[in-house]
S.K.: 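To start, I am sharing the structure in question, which I have written as structure tokens.
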Amino acid sequence: MTEQTPLLRLDNITRNFGAIEALRGVSFDIARGEVVALLGDNGAGKSTLVKIISGGLEASSGRMIFDGEERMFNSPAEAKAAGIETVYQDLSLCTNVDVVANFFMGREIVKRCFGIPVLQEKAMYDAVEKAITNAGTRIPSLRTNVEHLSGGQRQAIELNRFVHWGGKLVLLDEPFAALGVEQTRRGLEMIKRVAAQGIGVVVITHIMAQAFQVADRMVVIRQGKVAGDVRREDTSPDEVIRMITGEASIGRAQEKKPQLHA
Amino acid sequence: MISSRQRALVEFLLDNLVWIMLAIVLAVFSLTIPNYFQIGIFVNIIEQSTFVGVMAIGLAIVVIAGNMDLSIESTMALSAMITGILFASHGIGIGFTTTPAWLVLPLSLGIAVAVGAVIGALNAWLVVKVRMNAFIVTLAAFIWVRGLVVAISGGRSAQDLAPEIRFMAIEPFLYIPLIAWVAIICFVIFTFIMRKTPFGRHITMIGGNAVATFRAGIRVDRLVAISFVLAGAISGLAGWLLAIRTSGATANLGVGMLFNAFAAVVIGGVSLKGGIGQLPGVYAGVLLIYSIHTAINLMGLPAHYTQMILGGMVLAAVLLDTAKLQIRQKLA
Ligand SMILES: Nc1ncnc2c1ncn2[C@@H]1O[C@H](COP(=O)(O)OP(=O)(O)OP(=O)(O)O)[C@@H](O)[C@H]1O
Ligand SMILES: [Mg+2]
């Protein structure tokens, strides 16, 4: 991917929780169709960053340029409307309703009868069935409430949901944590397929092999700062691990001068 | 593993357990209590269920959305009292009339519902904007709105509504008085809204996981606010019906109905945790309560037996809820 105008540019994003500085000036770009693996230890600030991009949290300072426009999303609804889909680390499913209702949460298919929007259950069911079958996910019945499904099945629903809705940018916060081997493989393929359509993908993972399998670039966050931003072909798992633990640090991939400290 | 058809059947039975209980209770009473099995008795049960039934719709919606509304009884009383004061001709009633005379019907209805909606909107504002606890906000409203009823009536009553309104309580259609039909129609309409519209779907999902719905772009605060306004407006309607039934209003009108409404909601299968419940079940719960009430009356037992049975039934309903959950988990 060439870097004309990036799909998303983060410029010096900070976020404090009281005295805790969760993010201390994060800047990097994501191009269209690019898969960026966001790496870092527990508590590094990855989830916080994802929530800021997706409108769930406000940044304390910093700028965000999305699709050529300076924006900060005040709610997930705004981010969604702009084309940002998010799969959160703590899943976002309503376990008291069925798979179909979750899939279409907030975007139900309706038909107006005398001005009253009426849910089109059949159409929604068919769409979900198609999406789930395409992804090779096995769920006993789409009409069972999500509370009766396994952790992996729940995660699969969320993954299929984002693939179905597409958009421009997809944020995945540890999407494979509960998935089996086969489902993870499918999930990784899904990410590649999505990126091939020109959608930008940010995927958070702790598993180096996964990052190297899908990502075009690795961005390492350490203690709220970017501790490394490298192209996959220019690095190795060992080097990335050293960035995560703070033994090595390499600057932004697209810049000529890597900033070295540590 | 059981087949999906068997699963569907068990699910259906679990969902409609309260209707099955109602049928059993009615059958047992009809067989054991002399004079119970009469059309007049059944009509009476349906008629008595009107006010708590209508009120319970609003309560159920708020509870399904994961909140609580204790103010509904007092809101109902306020709407009834204002209807009484404006349109009754004796006591403290000022006997307001319109030309044509039938216009008092929609006018009084509109005022009663609006009064309820205002109380609901106040609750909504305190809960959603000021971020106060719904239990406290609506408990306060339960107290102060009843105080307001006593204040505006001076503790006295209004009597004699115009015949243009009164006929609603007198005229039957298929044996059942028109006010009871209003309750039934309300249940049908709101069942449709809860099951078949995005509004109902979103309310249910908010009760299940408010964070997830917020992340999905659903306007959670707005919908929660609407649920409170709706509960207020529906209580206003209940008050209007109650005023028609009593042909006026007294300062202590409807005292104790809150607990019946709560019992009906719980017995009807609505979980106080939010996200779970069906309105038809709530109506069955109300009918069940008044079936037992009527049986106790017919047997000549003092009314406090009803209260003891009600208390026991609420506990049983909660236990049943847990049992249902376990059965469902086995099914999945
Ligand atoms: N709502 C909050 N209130 C207070 N502190 C918070 C909050 N959310 C996150 N933090 C803090 O901000 C820091 C970054 O948290 P974050 O969840 O972004 O980490 P992470 O990189 O996603 O970690 P993990 O790999 O464990 O998911 C942590 O120190 C955390 O304790
Ligand atoms: Mg995280």
Side-chain angles (χ1 to χ4, degrees), chain A residues 50-51 54-57 73 75-82 84-88 90-98 100-113 115-121 124 139-150 153-154 158 161 165 171 173, chain B residues 1-8 10-12 14-15 63-66 189-190 192-223 269-271 273-278 321 324-332:
Chain A
V50 160
K51 284 178 194 156
S54 64
L57 264 182
F73 302 111
S75 72
E78 276 182 32
K80 218 160 243 227
I84 298 179
E85 288 291 315
T86 312
V87 174
Y88 293 87
D90 51 330
L91 298 178
S92 303
L93 296 169
C94 291
T95 54
N96 61 324
V97 292
D98 66 19
V100 179
N102 271 286
F103 209 88
F104 279 90
M105 191 191 302
R107 299 187 260 217
E108 290 80 5
I109 300 179
V110 295
K111 203 167 111 187
R112 291 198 169 263
C113 296
I116 300 160
V118 179
L119 296 170
Q120 299 299 297
E121 292 290 356
M124 291 196 275
I139 289 172
S141 161
L142 299 182
R143 286 289 173 212
T144 38
N145 286 356
V146 170
E147 62 196 332
H148 306 311
L149 298 180
S150 75
Q153 286 168 330
R154 292 179 195 198
E158 286 232 32
R161 186 162 68 172
W165 293 108
L171 310 168
D173 195 348
Chain B
M1 265 288 144
I2 54 167
S3 76
S4 65
R5 185 165 298 175
Q6 278 171 314
R7 179 212 302 266
V10 177
E11 290 266 351
F12 178 81
L14 288 178
D15 280 342
V63 171
I64 289 172
I189 291 174
F190 281 99
F192 176 83
I193 290 174
M194 289 304 283
R195 280 193 190 161
K196 297 286 178 198
T197 70
F199 171 80
R201 175 66 51 86
H202 293 169
I203 288 282
T204 309
M205 289 199 288
I206 289 170
N209 186 346
V211 174
T213 48
F214 172 68
R215 285 170 175 176
I218 291 169
R219 292 157 80 183
V220 176
D221 281 353
R222 185 165 166 267
L223 287 175
V270 175
S271 164
K273 289 198 280 298
I276 299 168
Q278 310 278 342
D321 212 41
K324 278 201 276 190
L325 203 72
Q326 278 164 356
I327 296 173
R328 286 220 164 88
Q329 263 157 3
K330 286 215 183 82
L331 280 181

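Bear in mind that the values here come from a model prediction, so they are computed numbers and not experimental data. First the proteins, then the strands, lettered A, B, ... as listed; each starts at 1.
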S.K.: Below 4.5 Å, heavy-atom pairs only: which of A:R107, A:K51, A:Q120, A:E108 has the largest tally toward chain B?
M.R.: A:E108

S.K.: Not counting sequence neighbours, which residues clear side chain to side chain donor-acceptor pair (under 3.5 Å) with B:R201? List them please.
M.R.: A:E121

S.K.: Taking every non-hydrogen pair under 4.5 Å, which of B:G217, B:G200, B:A216 racks up the most with chain A?
M.R.: B:A216

S.K.: Pair A:V87, A:L171 - check side chain to side chain contact (heavy atoms under 4.5 Å, CB included), show working.
M.R.: CA-CA 6 Å; A:V87 174; A:L171 310 168; over 6 Å; no

S.K.: Give, as side chain, backbone, both or neither, the part of B:R219 having an atom under 4.5 angstrom from any heavy atom of chain A.
M.R.: neither

S.K.: Can you check whether A:F103 and A:W165 have ring centres sitting under 6.0 Å from each other?
M.R.: no

S.K.: What part of B:F192 lies closer than 4.5 angstrom to a heavy atom of chain A: side chain, backbone, both or neither?
M.R.: side chain

S.K.: Inspect the contact between B:R215 and A:E78 and indicate whether a charged nitrogen and a carboxylate oxygen are less than 4.0 angstrom apart.
M.R.: no

S.K.: Please identify, among A:S54, A:A77, A:C94, the residue contributing the most non-hydrogen atom pairs under 4.5 Å to chain B.
M.R.: A:C94

S.K.: Please enumerate all residues that pass side-chain contact (heavy atoms from CB on, under 4.5 Å) together with B:V220, with sequence neighbours excluded.
M.R.: B:I206, B:T213, B:F214, B:V224

S.K.: A:N102 pairs by side-chain contact (heavy atoms from CB on, under 4.5 Å) with which of A:L142, A:T95, A:V97?
M.R.: A:V97

S.K.: In terms of heavy-atom proximity below 4.5 Å to chain B, should A:V110 be classed as side chain, backbone, both, or neither?
M.R.: side chain

S.K.: Looking only at heavy atoms and a cut-off of under 4.5 Å, which of B:T197, B:I276, B:T204 has the most pairs with chain A?
M.R.: B:T197

